[in-house]
Amino acid sequence: MLDIQLLRNDAEAVAKRLATRGYVLDVQLFTRLEGERKAIQTRTQALQAKRNSTSKAIGAAKARGEDVAPIMAEVASLGEALAADELALAKIQADMNTLLSGIPNLPDPAVPVGGSEADNVEVARWGMPRVFDFAVNDHVDVGTPLGLDFETAAKVAGARFSLLRGGMARLHRALAQFMLDTHTAQHGYTEVYVPYLVNAQAMHGTGQLPKFEEDLFAVPRAGLEQMYLIPTAEVPVTNMVREQILARDALPLRFVAHTPCFRSEAGAYGRDTRGMIRQHQFDKVELVQIVEPEQSDAALEELTGHAEAVLRLLELPYRKMALCTRDMGFSSQRTYDLEVWLPAQNTYREISSCSSFGSFQARRMQARYRNEQGKNELVHTLNGSGLAVGRALVAVLENFQQADGSVVIPEVLRAYMGGLVLLKRDA
RNA sequence: GGAGAGGUGGCAGAGUGGUCGAAUGCGCCUGACUCGAAAUCAGGUAUACAUGAAUAAUGUAUCGUGGGUUCAAAUCCCACCCUCUCCGCCA
């Protein structure tokens, strides 16, 4: 959520900045709502003040044993007007809230302005794509003989699910364990285990609701409020600090969580249908930081570096992209995507997305800290994949495949595989 | 699933219709005392929103959440959520 003061002070300027990410702010609507709100709120509060003071007078008069009938008559007429105004105020505040909740974050001035993915800017590249002396297979062809099974997954669940067996399942687990251990031991993150089902407030806090409900899996519960399967650990982990006032010396908070992620992928029909690139369920190791505002720029670089470290340790070539205004997520103020080299697609594909959100999520969550002046101030939040486990598996299969169909296990993963060096059929 | 207890400020804990945003204690902050500290004493110490240049002042709202009764609700009524205890079930 944006600071409403920004809109009050200069809605046109805000609209201009939002336009760079393709969002059309209805300035007229805002101005109208704000005008109405101001009038109604001022009037309502004046009436409430009148009622309160009169009620107190009644109490005082009664205590003195005086006749309260005249004052009662005075306040009686207030009731209806007040009730009507309170109702109108609640309505307009709800309307304003709906409008505000649907406005995306302002892009940081450093974000390249652009209209599509094509305008993202490559800022770094690491590793040399391997030169193959045989025809490369994609991860489906490499993985299927090794235990990657989409047919059975489709039977028990449907499209966009996968099932792993044997060494393939173990390699998947090894990747997640390795990432978790790297971030806790090398990068100073605290491992957390979190709910995979969350309530609507949590989804609202990080920005998935109200706008992107169709991307989520909702779980109805008889007689109870429905819950949502998390689309990323960002939701439960970031919301850990909701409605909290943190001590300054508690910051920064750094959390890492390994969770499954569930996405409906509505609107992605026909896209990445082959393989496990785009699934309804995938595992991800997520990094989350809660920091002081002054630290958030540095924290984004740092956090992105932590995700990069995993790619380097896995010896996977990648490039770092600064997303342009139009390509960033709703809540993001600035985003780097890390794209891993996939030889079969002969291209780089997203494997991590690292974003800073400024106070956008904190405002929705009411997550604050006591700053140096002793004032309560909204924290800044950041998160990034470190990394998407499913896509990391894809990358390992494709980049480390051998002519005979086996796959070399990256050195850092071998300890997690009981020392196994080569993943072969029947391994 | 059955039975019961409870949710009040950073914490503990009063408050059952009126001057209660809320006693008291602890904690914390400031000052006095002290060479300094402890002890003691005095004062202060919630959040959000509105009007506003304001971290001034004033007002409004908030005692789990949402509704209701009333001129007036922490206090009465209803629904829900959460926590705890016992029994049952269960990984």
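Residue numbers start from 1 in every chain, and the chains themselves are labelled A, B, ... in the order their sequence lines are given, proteins ahead of strands.
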Round to the nearest Å and state the distance from A:N9 atom CG to B:A54 atom P.
9 Å

A:R263 vs A:E265, salt bridge (Lys or Arg N to Asp or Glu O under 4.0 Å): CA-CA, chis, key distance, verdict
CA-CA 5 Å; A:R263 300 186 181 178; A:E265 295 297 345; 5.2 Å; no

Taking side chain to side chain contact (heavy atoms under 4.5 Å, CB included) as the criterion, tell me which of A:M168, A:Q281, A:Q279 meets it with A:S162.
A:Q279

Touch class at under 4.0 angstrom, heavy-atom based, for A:R363 against every strand present:
nothing

Tell me whether A:D141 is salt-bridged to A:R274, with the criterion being a basic N under 4.0 Å from an acidic carboxylate O.
yes

Find the distance A:L7:CG to B:C49:P and express it as a whole number of Å.
15 Å

Can you measure A:R368 atom CZ to B:G10 atom P for me and round it to whole angstrom units?
11 Å

Residues which pass side chain to side chain contact (heavy atoms under 4.5 Å, CB included) with A:A185, listed by chain and number, not counting sequence neighbours
none

Is the ring pair A:Y189/A:H187 parallel, tilted or perpendicular, if the boundaries are 30 and 60 degrees?
perpendicular

B:A38 and B:A23, which share atom name C1', separated by this distance in whole Å:
29 Å

Starting from P on B:A46, measure out to CG on A:N376 and report it in whole angstrom.
11 Å

Whole angstrom is fine here: how far is it from CD1 in A:I71 over to P in B:G18?
17 Å

Spacing of the P atoms in B:G44 and B:A22 (rounded, Å):
12 Å

What distance, rounded to whole Å, do you find between the two C1' atoms, one in B:G88 and one in B:G4?
15 Å

Expressed in angstrom and rounded to an integer, what is the separation of A:L89 atom CG from B:U62 atom P?
13 Å

With a 4.0 Å cut-off, would you call A:D149 and A:R165 a salt bridge?
yes

Expressed as a whole number of Å, how far does the C1' atom of B:C84 sit from that of B:A72?
35 Å

Looking only at the side chains, is there a donor atom on one of A:H380 and A:S356 sitting less than 3.5 Å from an acceptor on the other?
no

Using heavy atoms to find the nearest nucleotide of RNA chain B for A:I245 and A:R8 separately, return the residue whose nucleotide is more 5′.
A:I245

Starting at CZ of A:R370 and ending at P of B:C29, how long is that distance when rounded to a whole Å?
13 Å

With no hydrogens and no angle check, just 3.5 Å: does a side-chain donor-acceptor pair link A:Q295 and A:Q289?
no

List RNA chain B stems (3 or more consecutive Watson-Crick/G-U pairs, under 3.5 Å)?
B:1-7 with B:81-87, B:10-12 with B:24-26, B:27-32 with B:40-45, B:46-51 with B:57-62, B:64-68 with B:76-80

Determine the Euclidean distance between corresponding P atoms of B:G10 and B:U69; express it in Å to zero decimal places.
32 Å

Which value, in whole Å, describes the distance between the P atoms of nucleotides B:U65 and B:A57?
28 Å

If only side-chain N and O atoms of A:R37 are considered, is one of them under 4.0 Å from the OP1 or OP2 phosphate oxygen of B:U51?
yes

Pick the C1' atom in B:C82 and in B:U70, then give their distance to the nearest Å.
29 Å

Looking at the side chain of A:Q48, which of B:A61, B:C49, B:G59 is the nearest nucleotide?
B:A61

Its contact letters, B for base, S for sugar-phosphate only and - for none at protein heavy atoms under 4.0 Å, make nucleotides 63-77 of chain B read --------BS-----

Kindly state whether the ring of A:F330 and the ring of A:F360 have centres lying under 6.0 angstrom apart.
yes

Given the C1' atoms of B:G1 and B:U60, what is the spacing between them in whole Å?
46 Å

With a 4.0 Å cut-off on heavy atoms, is A:R43 in touch with a base, just the backbone sugar-phosphate, or nothing at all?
nothing

At what distance, to the nearest 0.5 angstrom, does CD of A:Q226 lie from CG of A:L197?
11.0 Å

Apply salt bridge (Lys or Arg N to Asp or Glu O under 4.0 Å) to A:R349 and A:D272, showing your working.
CA-CA 11 Å; A:R349 289 298 303 261; A:D272 298 315; 3.0 Å; yes

Once you round it to whole Å, what is the distance between P of B:C49 and NZ of A:K38?
16 Å

